[in-house]
Protein chains: 2
Amino acid sequence: MGPDTKPEIRHVDLEQLEDRFKSFLYAKRGKVTNERLALLRTLYTHNGHFSVDQLLDLMAKNEHSISRATVYRTLDLLVQCGLVKKLAIEDRETRYESALDSGHHDHIICVDCNKIIEFFNPELEAIQDDILGVYNLKPVKHIHQLYGSCTVPNCPEKKKSGQT
Amino acid sequence: MGPDTKPEIRHVDLEQLEDRFKSFLYAKRGKVTNERLALLRTLYTHNGHFSVDQLLDLMAKNEHSISRATVYRTLDLLVQCGLVKKLAIEDRETRYESALDSGHHDHIICVDCNKIIEFFNPELEAIQDDILGVYNLKPVKHIHQLYGSCTVPNCPEKKKSGQT
DNA sequence: ATAAGTGCAAAAGATTTGCAACCTA
DNA sequence: TAGGTTGCAAATCTTTTGCACTTAT
């Protein structure tokens with residue numbers, strides 16, 4: 001695809017996302033700053049599950065210097081307005097991922113290679129809500145991670161770490 | 001059983017548990033120390049999901065002084081040998097609970113009162129294993145927490161914290 | 001102009017680690 | 001006795017916060 005015909009899907013998405021973020025900020029009398037937009041863009045123009053360090057690296061590489069404190073503060077905002085999801089993965093730094101791209105899903109972590117796989121199962125979702133109902137609770141969210149060990153003999157990925 | 005007729009269920013359990021821990025330690029050439037046994041007992045003679053601070057308090061109250069570092073080191077051992085389960089609850093200190101008492105279960109956290117409720121659903125368990133199978137992974141463990149908001153009007157527990 | 005946001009460095013909170021003294025096997 | 005274990009304090013690591021300065025509105 002040349003400079004002419006290339007479909008810039010990401011571009012369109014990004015504008016919508018930014019608008020959503022801006023509306024959120026407007027509603028709470030917050031300000032639209034370069035730092036905030038840059039972090040949103042970074043999260044949505046890369047695929048993966050990022051630690052704060054990884055985000056800082058990514059942004060530094062793209063000439064968007066931003067302080068660690070601002071990353072933390074902005075991630076909070078993005079989580080609040082539903083654009084970013086926070087993953088509490090046991091014994092690892094907290095990871096963050098874009099929340100609108102792929103819809104709701106949970107994660108599988110391979111204990112051999114640390115790979116993170118996303119999954120979604122409607123049955124599972126339904127049962128969870130049912131269980132909450134039994135205790136008179138309204139679903140707010142859930143954390144669900146499956147840890148598995150690779151059954152592929154001599155998996156080439158073994159013991160690599162820091163994956164997506 | 002007690003000296004005569006009173007059934008001292010806890011007592012019997014504890015001995016078995018200690019034996020299990022001792023075997024584990026023996027196998028890895030570890031030593032059976034008072035601190036280690038005291039922590040095991042503390043976890044099994046109280047019901048709940050404890051933070052390290054809570055464990056230190058409990059032990060101090062029962063004249064079992066033990067250092068924080070040893071608590072951490074011993075918890076690792078207990079988790080390794082399957083006697084204790086580590087709960088990574090989002091945005092709260094890590095909690096630990098006895099692992100053999102009530103069998104496998106996961107947790108519901110009420111976002112209003114912070115209460116922790118245990119649940120178990122065989123269907124849910126089965127589906128999780130199926131999902132892992134799809135990716136050629138053998139189940140190792142899972143983390144599953146449902147966050148719910150209380151639908152009881154004026155729930156008396158509202159906003160209390162630090163619950164079991 | 002003014003309230004909000006930013007970076008920096010310090011603070012806080014949880015967990016780990018180095019080391020000398022101290023036990024268990 | 002020898003090697004593992006303990007407690008303490010120092011070190012790490014992640015995240016939060018106070019503050020003077022800067023910027024969006």
Side-chain angles (χ1 to χ4, degrees), chain A residues 18-19 21-42 49-60 63-81 84-96 161-162, chain B residues 18-19 21-42 49-60 63-81 84-96 161-162:
Chain A
E18 289 185 6
D19 284 347
F21 193 25
K22 286 176 187 170
S23 306
F24 169 83
L25 290 172
Y26 181 76
K28 75 187 314 265
R29 285 164 187 63
K31 287 172 181 170
V32 177
T33 66
N34 294 327
E35 288 82 358
R36 289 176 177 181
L37 293 179
L39 181 57
L40 174 59
R41 282 190 212 111
T42 302
H49 307 83
F50 305 108
S51 67
V52 168
D53 273 326
Q54 291 172 329
L55 289 171
L56 281 167
D57 280 357
L58 274 174
M59 299 186 78
E63 344 260 272
H64 292 113
S65 102
I66 178 176
S67 77
R68 185 176 294 270
T70 298
V71 169
Y72 278 108
R73 289 187 278 228
T74 305
L75 282 170
D76 277 348
L77 293 172
L78 289 166
V79 169
Q80 272 175 49
C81 86
V84 166
K85 230 166 70 170
K86 187 174 178 175
L87 273 79
I89 296 187
E90 201 179 40
D91 293 331
R92 291 221 226 146
E93 317 160 78
T94 304
R95 303 291 194 100
Y96 297 84
S161 51
Chain B
E18 290 185 5
D19 284 349
F21 193 26
K22 286 176 186 169
S23 306
F24 168 83
L25 290 171
Y26 181 75
K28 73 186 318 260
R29 283 162 188 64
K31 285 173 181 170
V32 177
T33 66
N34 293 328
E35 288 82 358
R36 290 176 176 180
L37 292 180
L39 181 58
L40 175 59
R41 283 190 213 111
T42 302
H49 306 85
F50 305 109
S51 66
V52 168
D53 273 324
Q54 290 172 330
L55 288 170
L56 282 167
D57 281 357
L58 274 174
M59 299 186 78
E63 346 260 271
H64 291 112
S65 102
I66 178 176
S67 77
R68 185 176 295 271
T70 298
V71 169
Y72 278 108
R73 289 186 280 228
T74 305
L75 282 171
D76 276 349
L77 294 173
L78 289 166
V79 168
Q80 273 175 49
C81 85
V84 166
K85 230 166 71 171
K86 187 173 179 174
L87 273 78
I89 297 187
E90 201 179 40
D91 294 331
R92 290 220 226 149
E93 317 161 78
T94 304
R95 302 292 194 101
Y96 297 84
S161 51

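Worth saying up front: this structure is predicted, and the values here are computed from it rather than measured. Order of the sequence lines sets the chain letters (A, B, ...), proteins ahead of strands, with each chain counted from 1.
Comparing B:V32 and B:A69, the nucleotide of DNA chain D nearest to each residue sits closer to the 5' end for B:V32.
Nearest heavy atoms, B:K31 versus B:R36: O-NH1, 2.8 Å.
Which of D:dG7, D:dT23, D:dA2 sits closest to the side chain of B:K31 comes down to D:dA2.
As rounded to whole Å, 9 Å separates atom C1' of D:dT23 from atom CD of A:E35. Atom CD1 in B:I66 sits roughly 14 Å away from atom C1' in D:dC8 (whole-Å rounding). Taking atom NZ of B:K28 as the reference point, atom P of D:dG3 lies 17 Å away to the nearest angstrom. We find that CZ of B:R68 is positioned 19 Å from C1' of D:dT5, with the value rounded to whole Å. Between A:D76 atom CG and D:dT16 atom C1' there is a gap of 10 Å when expressed in whole angstrom units. Counting to the nearest Å, the P atom of D:dT16 and the CG atom of A:L75 are 10 Å from each other.
Chain A approaches DNA chain C within less than 4.0 angstrom (heavy atoms of the protein), and the contacting nucleotides run 5' to 3' from C:dA3 to C:dC8.
Under 3.5 Å, the side chain of B:R73 and the base of D:dG4 form no donor-acceptor pair of N or O atoms.
A:Y72 has no side-chain polar atom (N or O) that falls below the 4.0 Å cut-off from OP1 or OP2 of D:dT16.
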